[in-house]
Amino acid sequence: MRAFARRVPQLLHLAVPPSSPSPPHPLLTTFAGLCQRGAFSDAIAAMASLDALGLSADSISYSNLIKLCVRHRAVEQGRLVHLHLTSGCRAPELFLCNSLMGMYVRFGLIDEARQVFDAMPVRNVVSWTTMISALTNLKLDEEALRLLNSMQREGIAPNMYTFSSVLRACPTSASLRSIHGCILKHGLESDAFVRSSLIDVYSKFGDLDYGYRIFNETATPDLVVWNSLIGCFAQGGDGYMAINLFTQMKKAGFFADQSTLTSVLRACTGMVLLEMGRQVHVHVLKYNRDLILSNALLDMYCKCGDLEEAHEVFCRMPEKDVISWSTMISGLAQHGRSSDALTLFESMKVFGPKPNHITILGVLFACSHAGLLEDGWLYFRSMRQLWDIEPGREHYGCMVDLLGRAGKLDEAVKFIADMNFEPDIVIWRTLLGACRVHKNANLAAYAANQVLRLEPEDEGSHILLSNIYADSHQWTEAEQVRMSMRDRRVKKEPGRSWIELGKIIHVFVAGDMSHPQADGIAKELSKLLRRTTTLGYIPDTDFVLHDVGEEQKEESLRYHSEKLAIAFGVMNSSGVKPIRIMKNLRICGDCHAFAKLVAKSERVTIIIRDHVRFHHFKDGVCSCGDYW
DNA sequence: GTAGGGTTAG
């Protein structure tokens with residue numbers, strides 16, 4: 001055997017005359033050079049010549065050319081390369097098929113990518129992953145999961161690339177746990193990409209603690225893993241934790257990038273921390289071309305009450321998208337600047353992007369809060385015609401608000417009855433609010449009962465209903481409502497107001513006098529009550545339960561959290577900057593009247609943000625025009 | 001040739 005093997009070369013030498021291998025066709029050499037150098041259009045032209053001569057080049061050149069198509073976003077040329085590779089019934093090799101799929105995915109041509117995928121005689125993990133991640137990006141979750149199963153059935157093991165993208169397609173936390181199990185089985189749980197996805201998806205299912213646990217098990221989290229966690233807390237409503245983690249991240253030696261800053265701004269927005277938001281703004285400056293970050297900054301200024309700065313940010317944005325416009329329009333509307341909001345919307349129609357359903361919500365909000373009945377109807381009706389936007393539940397809610405505030409209660413009821421869907425609690429609460437403003441007791445009782453049917457523990461509706469009965473001397477009914485409250489142990493979410501002073505947040509809870517300066521605040525409050533009384537302030541006891549004596553009612557109004565905050569704000573006011581107060585609940589009518597008069601008597605501007613909108617109090621009037 | 005994190009309302 002050994003002797004034979006030694007003889008083979010000699011035999012070959014005899015059979016084939018000695019000659020050097022034939023040189024490649026010069027066009028092939030040229031083509032390879034063009035593809036390598038990135039001479040895109042010349043390479044495409046050379047490919048056409050190859051076609052004419054029936055020549056095929058090497059895979060590396062084709063791979064380079066596909067990359068060039070992607071870089072030049074040249075869809076048609078990409079298709080030509082595809083055609084060239086399959087001409088003469090050739091099947092491109094696996095590696096090139098994957099490249100072609102990737103190209104189509106980047107072009108957003110999922111169907112064409114799928115055709116390449118389906119035609120492949122052999123597929124590897126890259127082929128499957130390219131398809132799966134394209135599907136998850138398009139939110140075609142079911143199909144993505146189906147492909148994950150198929151690939152496993154065909155004996156192809158998913159890798160970390162596959163899992164990091166397919167995790168986002170989990171429809172339930174049960175399916176997430178099942179895929180998490182697969183990840184552990186394949187030993188891929190320590191991959192940073194897989195981890196950040198796991199943290200993200202567990203948090204999206206509301207399990208922030210589990211996300212945090214995965215984070216804590218990460219020996220060396222990278223920036224994206226930090227960002228995942230910070231983002232999850234910021235979005236999940238725990239802004240304090242988000243900011244805390246941000247501090248820890250900096251201590252661990254990482255620098256915040258656009259994503260970190262966006263999440264931190266969102267946390268500031270959620271907690272209404274204007275001063276902290278301003279500090280973050282300094283770091284945002286170097287990323288002024290980042291649209292998402294700029295939008296977050298804009299929103300922070302709107303929601304934290306500095307509309308001038310928000311407008312400044314908006315004007316300076318080199319590029320604006322539909323979110324930028326919508327945020328600014330809603331911001332103006334929430335600050336009571338309805339006509340500015342509508343003017344901006346008109347200019348958006350001319351210079352801006354196509355409005356979406358959220359833009360229209362801001363516009364309708366502006367109309368309803370300024371009593372612009374006709375405009376509201378016009379915008380509502382034009383949604384379908386002009387922008388092909390189907391009005392959703394929220395738009396109907398805005399219209400009920402618009403009609404209700406304008407005192408057209410009968411029309412509002414008819415509008416609700418004509419809706420295509422069942423009215424939800426938001427609609428009934430809206431109608432109830434309008435009934436309270438326009439003092440329609442019968443309809444209010446009806447609306448309140450609808451709210452309580454859907455949400456039996458709604459405190460505001462209980463109080464309102466009880467007061468309506470008490471005012472019309474229906475004592476039995478009033479007593480029944482109060483008993484129902486006791487039985488259900490309806491608990492009021494305590495009213496909380498807060499002021500950011502320096503770097504300290506001073507929180508005031510209704511009736512709580514535990515603040516270190518409580519004595520001073522009580523004295524200031526008494527002084528303010530005296531001064532405003534001379535200007536005509538009369539405690540409005542509609543906002544407390546009518547089952548106590550008048551004196552007690554006044555006493556309970558006196559220590560509403562926003563009154564404590566106003567007193568504290570006036571004590572610490574320089575008289576130049578506005579006093580900014582944030583409140584977790586809606587401002588009460590009595591405190592609203594009080595704030596107007598304090599602004600007048602103390603010559604200060606008070607800005608109170610309740611959970612719906614902003615009130616700017618100045619010279620005895622409020623920007624909401626008492627219409628909120 | 002395949003992968004992870006951030007923005008508007010509710």
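Here is the naming used below: chain letters follow the sequence lines, and residue numbers restart at 1 for every chain.
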Exercise for the section: From the options B:dT8, B:dG10, B:dA3, select the nucleotide whose nearest atom is closest to the side chain of A:Ser133. Expected result: B:dA3

Practice task
Give A:Arg266 one of three labels, base, sugar-phosphate or nothing, depending on what nucleic acid heavy atoms sit under 4.0 Å from its own.
Solution key: sugar-phosphate

Practice task
Would you classify A:Leu298 as touching base, sugar-phosphate or nothing, given that sugar-phosphate means primed atoms plus P, OP1 and OP2, and contacts are heavy atoms under 4.0 Å?
Solution key: nothing

Problem - Salt-bridge contact A:Arg213-A:Asp209 (side-chain N to carboxylate O under 4.0 Å) - result: no

Practice task
Measure from CD on A:Glu189 to C1' on B:dG4 and round the result to the nearest Å.
Solution key: 16 Å

Handout entry: Rounded distance (Å) that lies between atom C1' of B:dT7 and atom CD1 of A:Ile230
Key = 17 Å

Problem - Ring-face cation contact, A:Phe117 with A:Arg123, 6.0 Å cut, 45° max - result: yes

Exercise for the section: Report the nucleotide, chosen from B:dG4, B:dG10, B:dT7, that has the shortest atom-to-atom distance to any side-chain atom of A:Val426. Expected result: B:dG10

Practice task
Could you check whether the rings of A:Tyr210 and A:Tyr202 sit parallel, tilted or perpendicular, using 30° and 60° as the cut-offs?
Solution key: tilted

Problem - Atom-pair distance (CD1 on A:Ile183; P on B:dG4), nearest Å - result: 13 Å

Handout entry: Nucleotide of B:dT2, B:dA3, B:dA9 approaching A:Thr130 most closely (side-chain heavy atoms)
Key = B:dT2

Practice task
Check whether the side chain of A:Asp222 and the base of B:dG4 form a donor-acceptor pair under 3.5 Å.
Solution key: yes

Handout entry: OP1 or OP2 of B:dA3 under 4.0 Å from side-chain N/O of A:Arg168
Key = no

Handout entry: Value in whole Å for how far the P atom of B:dT8 lies from NZ of A:Lys320
Key = 19 Å

Please list every donor-acceptor pair under 3.5 Å in which a side-chain atom of residues 286-294 of chain A meets a protein atom from a residue at least two apart or in another chain.
residue	atom	partner	partner atom	Å
A:Asp290	OD1	A:Ile292	N	3.1
A:Asp290	OD1	A:Leu293	N	3.0
A:Ser294	OG	A:Asp290	O	2.8

Exercise for the section: Mark yes or no for a side-chain to base donor-acceptor pair under 3.5 Å between A:Ser165 and B:dA3, with no hydrogen or angle criteria applied. Expected result: no

Practice task
Calculate the interatomic distance between A:Glu394 atom CD and B:dA9 atom P; express it in whole Å.
Solution key: 12 Å

Practice task
Would you mind classifying the nucleic acid contact of A:Ser228 as base, sugar-phosphate or nothing, using non-hydrogen atoms under 4.0 angstrom?
Solution key: sugar-phosphate

Practice task
Taking only the side-chain heavy atoms of A:Lys303 (C-beta and beyond), determine which of B:dA3, B:dT8, B:dG6 contains the nearest atom.
Solution key: B:dT8

Problem - Donor-acceptor pair present, A:Ser196 side chain and B:dG4 base, under 3.5 Å - result: yes

Completion exercise
A:Met300 atom CE is separated from B:dT8 atom P, nearest whole Å, by 13 Å

Problem - A:Met241 CE to A:Gln248 CD distance, which is reported to the nearest 0.5 Å - result: 7.0 Å

Acceptor/donor pairs from residues 331-345 of chain A side chains to any protein atom, 3.5 angstrom cut, sequence neighbours excluded:
residue	atom	partner	partner atom	Å
A:His335	ND1	A:His616	NE2	2.7
A:His335	NE2	A:Cys302	O	2.9
A:Arg337	NE	A:Asp340	OD2	2.8
A:Arg337	NH2	A:Asp340	OD2	3.1
A:Ser338	OG	A:Ala366	O	2.9
A:Thr343	OG1	A:Ser339	O	2.7

Fill in the blank from the handout: A:Leu229 atom CG is separated from B:dG4 atom P, nearest whole Å, by 18 Å

Exercise for the section: Using a heavy-atom cut-off of under 4.0 Å over every strand shown, decide if A:Val194 touches base, sugar-phosphate, or nothing. Expected result: nothing

Problem - Centroid-centroid under 6.0 Å between A:Trp226 and A:Phe246 rings - result: no

Fill in the blank from the handout: Regarding the side chain of A:Ile323, the nearest nucleotide among B:dG4, B:dT7, B:dA3 is B:dT7

Completion exercise
Quick note, A:His357 side chain, CB onward, closest among B:dT8, B:dA9, B:dG4 is B:dA9

Problem - Salt bridge A:Arg79-A:Glu112, side-chain N to carboxylate O under 4.0 Å - result: yes

Handout entry: Distance in angstrom units between A:Ile329 CD1 and B:dA9 P, rounded
Key = 13 Å

Completion exercise
Among the nucleotides B:dG4, B:dT8, B:dG6, whichever has the atom closest to the side chain of A:Asn356 is B:dT8

Practice task
Mind checking the NE2-CG spacing from A:His369 to A:Leu364? Nearest 0.5 Å is all I need.
Solution key: 10.5 Å

Practice task
Please list residues of residues 234-261 of chain A whose heavy atoms come under 4.0 Å from any atom in DNA chain B, ordered by number; otherwise none.
Solution key: A:Gln235, A:Asp257, A:Gln258, A:Ser259

Exercise for the section: Give a yes/no answer on whether the side chain of A:Lys204 brings an N or O atom under 4.0 Å of OP1 or OP2 in B:dG4. Expected result: no

Problem - Distance test, side-chain N/O of A:Arg106 to OP1/OP2 of B:dT2, below 4.0 Å - result: yes

